[in-house]
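Below, read A as the first sequence line, B as the second, and so on, with proteins coming before strands; counting in each chain starts at 1.
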Number of protein chains: 2
Amino acid sequence: MTGQLPTTRRPTRQRTAIAEALSHSPEFRSAQEIHARLAEGGAGVGLATVYRNLQAMAADGEVDVIRTEDGEAVYRACATEDHHHHVVCRGCGLAVEVTGDSVERWAEAVAAEHGFVQVRHTVEVEGLCGDCARRR
Amino acid sequence: MTGQLPTTRRPTRQRTAIAEALSHSPEFRSAQEIHARLAEGGAGVGLATVYRNLQAMAADGEVDVIRTEDGEAVYRACATEDHHHHVVCRGCGLAVEVTGDSVERWAEAVAAEHGFVQVRHTVEVEGLCGDCARRR
DNA sequence: ACAGTAATGAGAACCGTTGTCAAATTCATG
DNA sequence: CATGAATTTGACAACGGTTCTCATTACTGT
């Protein structure tokens, strides 16, 4: 069920710069942050271009996207190419990648049980990370 | 006893209407949807008021908030009693309630594994129900 | 009833994101 | 290398959800 679509992407200076910038940061970055970083780095890239490419990369599974608490989309180079989820701290925003075969199976099974096909699922786990919990 | 923070909330027609509308829907609703529903229901409530109250309710833990894939905030009355999830058909909207102890345990375990506490989770499973699948 | 204070509503302001479209870049060919 | 077709880019406008502003209205305790 892996689906590398026939993606026809042309390698451009901008696209490379964006991927590069992203790969150098272990943290999640917003499109605006990347745009700013590229701007001050001399190699300016249009804001719209940054958005477009990040979206495309996310669609291709090259990067992870999550929404911050205030709805901003933030991206990060994928640590694993596989399908996975995140556990997000509602205190500091720390996000940890986790995989969970059991959830995948459960989702698939419970959907099939009711005759559903082409199943997709969204799982969000949030809590307080150790540091934030201690800090309260 | 833990408690009701000294929240000085005044009971108003608007606030009640919002809570009411929310409690009648098992699904997550956006502020705009609630605003629209109240509007056509005769008892109009200002959009800003809907936003303010939903935020307040969320802050007080009366309702759950999650962000849709496109960044919109959606709210749902807290199901303190029967915690369950839904499998929603993206064709016709059919929603089936399902429970899943395995998911609950997985979420708890995976969070604890990374030192997270006060864990909450949201799980949404979507696909095409049998009818819709056949119809394509 | 009355004053004090929280809540409301209409609309403007915000801000992240997406759309527009002409100009620039890339690729495949001749 | 020249050329043309198809992508991609970028500046800026437009969008949409959310928040802010502030005058007006509705509760509350006395």
- Task: Take nucleotides 25-30 of chain D nucleotide by nucleotide from the 5' end and write B, S or -, depending on whether a protein heavy atom sits under 4.0 Å from the base, only from the sugar-phosphate, or from neither.
- Result: -BBS--
Tell me, please, which residues at least two apart from [X] pass side-chain hydrogen bond (donor to acceptor under 3.5 Å, both in side chains).
| X | answer |
| --- | --- |
| Asp70(A) | Thr68(A) |
| Glu20(B) | His24(B) |
| Ser25(A) | Arg29(A) |
| Ser102(A) | none |

- Message: As a quick check of understanding, evaluate side-chain contact (heavy atoms from CB on, under 4.5 Å) for Val98(A) and His114(B), giving each step before the final call.
- Response: CA-CA 10 Å; Val98(A) 298; His114(B) 292 89; 3.6 Å; yes
[X] [atom1] - [N] [atom2] separation (whole Å):
| X | N | atom1 | atom2 | answer |
| --- | --- | --- | --- | --- |
| Ile66(B) | dG17(D) | CD1 | C1' | 16 Å |
| Glu33(B) | dG16(D) | CD | C1' | 14 Å |
| Phe28(B) | dG17(D) | CZ | P | 19 Å |
| Leu38(B) | dG9(C) | CG | C1' | 14 Å |
| His35(B) | dT19(D) | NE2 | P | 15 Å |

- side chain to side chain donor-acceptor pair (under 3.5 Å) pairs, two or more places apart, involving residues 33-49 of chain A: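 Checked against side chain to side chain donor-acceptor pair (under 3.5 Å) - neighbours excluded - the pairs reaching residues 33-49 of chain A are Thr49(A)-Arg52(A).
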- Could I get the full list of salt bridge (charged side-chain N to carboxylate O under 4.0 Å, His left out) partners for Glu72(A), not counting sequence neighbours?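 Listed in chain order: nothing, the list is empty.
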Nucleotide N/O of nucleotides 13-17 of chain C paired with protein N/O under 3.5 Å:
unit_1: dT17(C); atom_1: OP1; unit_2: Ala73(A); atom_2: N; d: 2.8
unit_1: dT17(C); atom_1: OP2; unit_2: Tyr51(A); atom_2: OH; d: 2.6

- Message: For Val123(B), give me all partners under side-chain contact (heavy atoms from CB on, under 4.5 Å), at least two apart in sequence or on another chain.
- Response: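 side-chain contact (heavy atoms from CB on, under 4.5 Å) check on Val123(B) returns Trp106(A), Val123(A), His85(B), Val103(B), His121(B), Val125(B).
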- All side-chain contact (heavy atoms from CB on, under 4.5 Å) counterparts of Phe28(B), not counting sequence neighbours: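 Phe28(B) satisfies side-chain contact (heavy atoms from CB on, under 4.5 Å) with Asp64(B), Ile66(B), Val74(B), Arg76(B), Thr122(B), Glu124(B) once adjacent residues are dropped.
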- Query: To the nearest 10 degrees, what angle separates the axes at the start and end of the helix from dA1(C)-dT30(D) to dG30(C)-dC1(D), five pairs each?
  - Reply: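 Terminal axis comparison yields 40°.
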- Query: For Gln14(A) and dG10(D), is the shortest distance between a side-chain N/O and OP1 or OP2 below 4.0 Å?
  - Reply: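 Yes, such a contact exists.
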- Does the Arg120(B) side chain pair with the main chain of Gly127(A), one donor and one acceptor, at a distance under 3.5 Å?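 Answer holds: no.
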- Query: Who are the ring pair (Phe, Tyr, Trp, His ring centres under 6.0 Å) partners of Tyr75(A), not counting sequence neighbours?
  - Reply: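 Not a single residue meets the ring pair (Phe, Tyr, Trp, His ring centres under 6.0 Å) criterion with Tyr75(A).
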- Task: For Arg52(B) and for Gly44(A), find the nucleotide of DNA chain D with the closest heavy atom, then tell me which residue's nucleotide is more 5'.
- Result: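 That would be Gly44(A).
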- Message: Once you apply a heavy-atom cut-off of 4.0 Å, does Asn53(B) come out as touching a base, just sugar-phosphate, or nothing?
- Response: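 Touches sugar-phosphate only.
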